[in-house]
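All chains are named by letter (A, B, ...) in the order of the sequence lines, taking the proteins before the strands, and each is independently numbered beginning at 1. As the structure is a computational prediction, the values presented were derived from the model and not from experiment.
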Amino acid sequence: MPELPEVETIKQELLPHVSGKRITGVELFWEGMLRQPSPKEFQSRIRGQKITGITRRGKYLVFSLQNGEWLIIHLKMSGALLAGRGLSPRFTRAVFHLDDGSDIYFCDPRKFGKIQLVKDKDTVMGKLGIEPLEDDFTPEVLQKLLKKRKTPVKAMLLEQGLIAGIGNMYADEALFNAAINPLRVANSLSTDEIKRLHKSIKEVLQTAIKRKGASISNYYRPGGEKGSAHNHFRVAHRKGEECPVCGTPLERISIRQRGSCFCPVCQQ
DNA sequence: CCCGGAACCTGAAGGC
DNA sequence: TGCCTTCAGGTTCCGG
């Protein structure tokens, strides 16, 4: 499922396909994915616009258009964007036609993904928290975020208004690498634990980007290839397997209705 | 403000 | 083999 590393990979690999191209039309096969404006207005406002760039903010993909508007896509659980010509991928919910004859297909079996066209991107993303891979995400910043919180640290890591882009898989991986139990109350972490967690978050995300994301569920890159990050997961989605450090069977518990895999020995 | 839980969705996996 | 149930989880919304 697309989290920060997957969305970052899609951004990088989609950019050469769309940069400088003009959108000649959009077909919508399921209108529920469109958050705003109405389908007809969306299609008329986006038609003819040149795509000038793509950025990522948290798990959002942000296309900048020549007229100053923003096409914002969230892939949620199962969304994927494929680039090609004359394809008909399964679960296609929308197709963007470009002026070089190529198409961008938005495929999403679960129909959770959302598309919107806005003039002010802050109305969508203004409440997002800090970007964990930027230099201003320091151990001190993390300490301040943790201090106010009485929730389990795992739940806190998933809050996009605090840190933007971490999802269930990478939260589990970061906590394991920092040897912190996911149920630990956020404001109870020691300075040393916060330093370890900060370092682990950066490393886990950077490494996953190098591996082009994790192809769990429906994640595909724009060319149709999978990522390889999931092959290197140490605890995420590995319930019952042996802990890579101590050999103890990994456990899985539910925290805020999210499956959380961890080692009961290494993460006390 | 803070926290937890339901709803949105449907393919895939597991049980019998 | 096939029907049925359960599970998966990012975000938004709602209630305590």
Side-chain angles (χ1 to χ4, degrees), chain A residues 1-11 28-36 56-62 72-81 89-94 106-116 118 121-129 131-132 144-175 182-188 201 205 208 213-220 226 229-230 233 235-241 250-262:
Chain A
M1 15 226 108
E3 302 180 21
L4 186 154
E6 288 74 32
V7 180
E8 179 66 24
T9 301
I10 293 168
K11 180 200 84 179
L28 300 171
F29 302 106
W30 190 73
E31 297 183 346
M33 67 188 307
L34 201 54
R35 204 173 181 82
Q36 59 172 315
R56 179 195 58 73
R57 178 79 171 96
K59 302 171 193 169
Y60 288 90
L61 210 50
V62 183
I72 301 179
I73 297 182
H74 198 302
L75 299 169
K76 292 281 182 86
M77 307 284 302
S78 61
L81 288 168
R90 285 183 84 193
F91 313 119
T92 299
R93 310 297 183 199
F106 181 31
C107 308
D108 185 15
R110 301 281 293 280
K111 294 183 174 174
F112 272 33
K114 288 278 180 277
I115 295 180
Q116 44 196 323
V118 298
K121 59 183 158 88
D122 274 354
T123 60
V124 179
M125 301 181 295
K127 289 180 181 168
L128 286 178
E131 281 289 327
K144 274 188 185 169
L145 294 175
L146 287 159
K147 216 159 208 169
K148 291 182 267 181
R149 296 278 154 167
K150 291 179 183 172
T151 54
V153 60
K154 165 75 184 279
M156 176 264 171
L157 290 178
L158 297 179
E159 286 186 38
Q160 303 303 299
L162 301 178
I163 304 171
I166 301 176
N168 202 38
M169 308 180 294
Y170 296 110
D172 280 358
E173 290 295 294
L175 287 166
L183 282 172
R184 286 281 302 284
V185 174
N187 68 6
S188 76
I201 289 169
L205 296 176
S215 283
I216 300 284
S217 180
N218 194 54
Y219 168 72
Y220 291 95
K226 296 186 173 191
H230 57 290
F233 279 164
V235 292
H237 293 99
R238 295 197 183 279
K239 173 198 170 193
E241 296 181 32
L250 298 173
E251 292 183 5
R252 185 176 182 281
I253 58 172
S254 185
I255 301 176
R256 287 258 198 112
Q257 300 171 298
R258 294 287 170 275
S260 302
C261 297
F262 69 106

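- Whole-Å rounding puts the A:K239 NZ to B:dG14 P distance at 11 Å.
- Residue A:G259 is in sugar-phosphate contact alone, with no base atom involved, counting any heavy-atom pair closer than 4.0 Å across all strands shown.
- Where A:E159 and A:W30 each meet DNA chain B at their nearest nucleotide, the meeting point lying more 5' is that of A:E159.
- The side chain of A:Q257 has B:dG5 as its nearest neighbour among B:dG4, C:dG10, B:dG5.
- In this structure, A:K76 does not reach the C:dT11 phosphate: none of its side-chain N or O atoms is under 4.0 Å from OP1 or OP2.
- Applying the 4.0 Å criterion to OP1 and OP2 of B:dG4, one finds that A:R256 has a side-chain N or O inside that range.
- Listed nucleotides C:dG10, B:dG11, C:dG9 differ in distance to A:H237; the shortest reach to its side chain belongs to C:dG9.
- In this structure, the nucleotide among C:dG9, B:dC2, B:dG11 sitting nearest to the side chain of A:F91 is B:dG11.
- Between the CZ atom of A:R110 and the C1' atom of B:dA7 there is a distance of 12 Å, given to the nearest Å.
- Of the listed nucleotides (B:dA12, C:dG9, C:dC13), B:dA12 has the atom at the smallest distance from the side chain of A:R90.
- In this entry the distance linking CE of A:M77 with C1' of C:dT11 reads 10 Å, nearest Å.
- A:R252 has a side-chain polar atom (N or O) that falls below the 4.0 Å cut-off from OP1 or OP2 of C:dG9.
- Only the C1' atoms considered, C:dC7 is 16 Å distant from B:dA6, to the nearest whole Å.
- Looking at the side chain of A:H74, the nearest of the listed nucleotides C:dG9, C:dG10, B:dG11 is C:dG10.
- For A:E3, the listed nucleotide lying nearest its side chain is C:dG10; candidates were C:dC13, B:dC2, C:dG10.
- The environment of NZ in A:K11 is crowded: more than 12 heavy-atom neighbours from other residues, nucleotides or ligands sit within 6.0 Å.
- Listed nucleotides: B:dG11, B:dG5, B:dG4. Nearest to the side chain of A:P109: B:dG11.
- A:Y60 places its OH atom 9 Å from the C1' atom of C:dG10, with the value rounded to the nearest Å.
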